[in-house]
Amino acid sequence: MSTRTSICWFRQDLRLNDNPALLAAADRGEVLPVFILDDENSDKWRLGAASRLWLHHSLKSLNRSLEGTLSIHRGRAEEIIPRLCRDHHIDQVFWNRCYEPWRIERDGKLKNRLKLHAVEAHSFNGSLLWEPWQILKKDGSPYKIFTPFYKRARTQEQGTLEEPQQAPPNLSLYRADHGGITVEDLRLRPDHPWCRKVERHWRMGEEGGLLALDTFLESRLSNYRTGRDFPAVSATSRLSPHLHFGELSPRQVWQRVSEVGYDDNVETFKSELGWREFSYYLLYHFPHLPTSNLKPQFDRFPWWLNQKWLHCWQQGMTGYPLVDAGMRELWQTGYMHNRVRMIVASFLVKNLLIHWRHGADWFWDCLVDADLASNSASWQWVAGCGTDAAPFFRIFNPVSQGQKFDQNGAYTRRFVPELQDLPDKFLFCPWKAPSSILEQAGIRLGEDYPYPLVDLQQSRKKALDSLKRVSSSS
DNA sequence: TTTTGAGTTGTTCGA
DNA sequence: GTCGAACAACTCAAA
């Protein structure tokens, strides 16, 4: 009898290195690695298209690392895991914790059910630097402001941050037939040209994650602090999708950048990892984060859903070149530079006055790094309805942001090629260009490139008025 | 309990 | 062209 066989249930931790659940399971004996696609039965937060594409490749990579033994299923984990335990006489299950409210609830139920069958479940921290319940104010309640949260975590971190672990050295895999299906059977990757486009920009899977980390450390980190603001400069880490799917753990990343030593770039990057933690922290303590305003005054904000405008924003046809460049980068690569994310989000919420949730939904579908915690927290931050939010008067101007952060237009021209020949002076405001210049650049406004959807000054004023009314009448 | 200082990423206007 | 102030009022965190 193989009572020493355990299940390692992979979820958002698609890696062998620094995987505490896998390590613990391997320590005990033979391991049956399991993955379950279970989002389709939960009515909310079905994976977006870009996430599914990434997951497809990440699973293939993981399965290769596991010598093809990954047992893949589709359906309800609460039923599949107990069934596997029964069929294969398995009495222990290991996994790394997830923090989405529906997953917390589901895992709790599963744990209880397993207990009834005399199966032990062990969960570990494989996705965060700091467990959300470990960082609290002196009165025991959760922080709502990033800076004090981060300071506290950093103070507490001294000596408590665990070292990342290697992959289990003598991983012994369970090889009996376990009735699973293949990665292809999950149909995560539609046969669509869009997939091939996105795939060109990434190396998905654990190996790709480790390579991306090396690249970041070797050639990007030294210019991170200032370079990260310029979308045409390669200075951001681009680690977000790898972290989201757990191809890398934040501990691995934290340790590798720490080896560089104390440095402005390192500190700035670490605080970005801190923001990732803070998003998970907020999601854990405020589970309604993805759907409702943390500041309840905003429930009265006069959002106005103009479907046509939303569509133009999604397609990168707003008439504001920097916004359109960002939205097209998103569509073509499954990613958008961080500064540009803030600009397009600010434009949707504060110039088009469309509810942040419509923006969050679109990002959810298109981003390869779509992450419930980060996406929700960031949209609330931009919209001003988060607890630790941008001041109401902070409205990005897509023209001046372009002039400041994409001076020579390299980023904008790359994604909005129809403006290729427009001189820098008018690149971010083509409607201001004299007709002779437009003609020279081969642009007929309204045909080759749209007129601006809204007037910046007017829409800005409207947003400020609405925000003033919403906050003063509380 | 009260008080004090502070809160990721901006824009505009007037001197 | 550059620079500093104004832009609301509130809530949060800690002393």
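Per chain, numbering begins at 1; letters A, B, ... match sequence-line order.
With a 4.5 Å cut-off on side-chain heavy atoms, A/W202 and A/V198 count as touching.
In terms of phosphate contacts, A/T147 brings a side-chain nitrogen or oxygen within less than 4.0 Å of OP1 or OP2 of B/dT8. The shortest distance between the side-chain N/O atoms of A/Y143 and the OP1/OP2 oxygens of C/dA14 is below 4.0 Å. Considering only side-chain N and O atoms, A/K404 lies nowhere under 4.0 angstrom from the phosphate OP1 or OP2 of B/dT9. For the OP1/OP2 pair of B/dT11 and a distance below 4.0 Å, the side-chain nitrogens and oxygens of A/Q401 include at least one atom meeting the criterion. Considering only side-chain N and O atoms, A/Q297 lies nowhere under 4.0 angstrom from the phosphate OP1 or OP2 of C/dA9.
Counted by atom type alone, A/R103 and A/Y99 present zero donor-acceptor pairs between their side chains at under 3.5 Å. Side-chain polar atoms of A/Y143 and A/D388 form no donor-acceptor pair below 3.5 angstrom.
Checking C/dA13, B/dT11, B/dT8 against the side-chain heavy atoms of A/R228 singles out B/dT8 as nearest.
Taking atom P on both nucleotides, C/dA8 is separated from B/dT12 by 15 Å, rounded to a whole Å. B/dG5 and C/dA9 have their C1' atoms separated by 15 Å, with the value rounded to a whole Å.
Per the geometry, CZ belonging to A/F298 stands 14 Å off P belonging to C/dC10, to the nearest Å. In this structure, the CZ atom of A/R460 is 8 Å from the C1' atom of B/dG10, given to the nearest Å. To the nearest angstrom, P of C/dC10 lies 11 Å from NZ of A/K295.
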Start with the C-alpha gap between A/E267 and A/R154, add the side-chain angles, then the distance that decides, and say whether salt bridge (charged side-chain N to carboxylate O under 4.0 Å, His left out) holds.
-> CA-CA 11 Å; A/E267 286 308 303; A/R154 290 297 299 268; 3.2 Å; yes
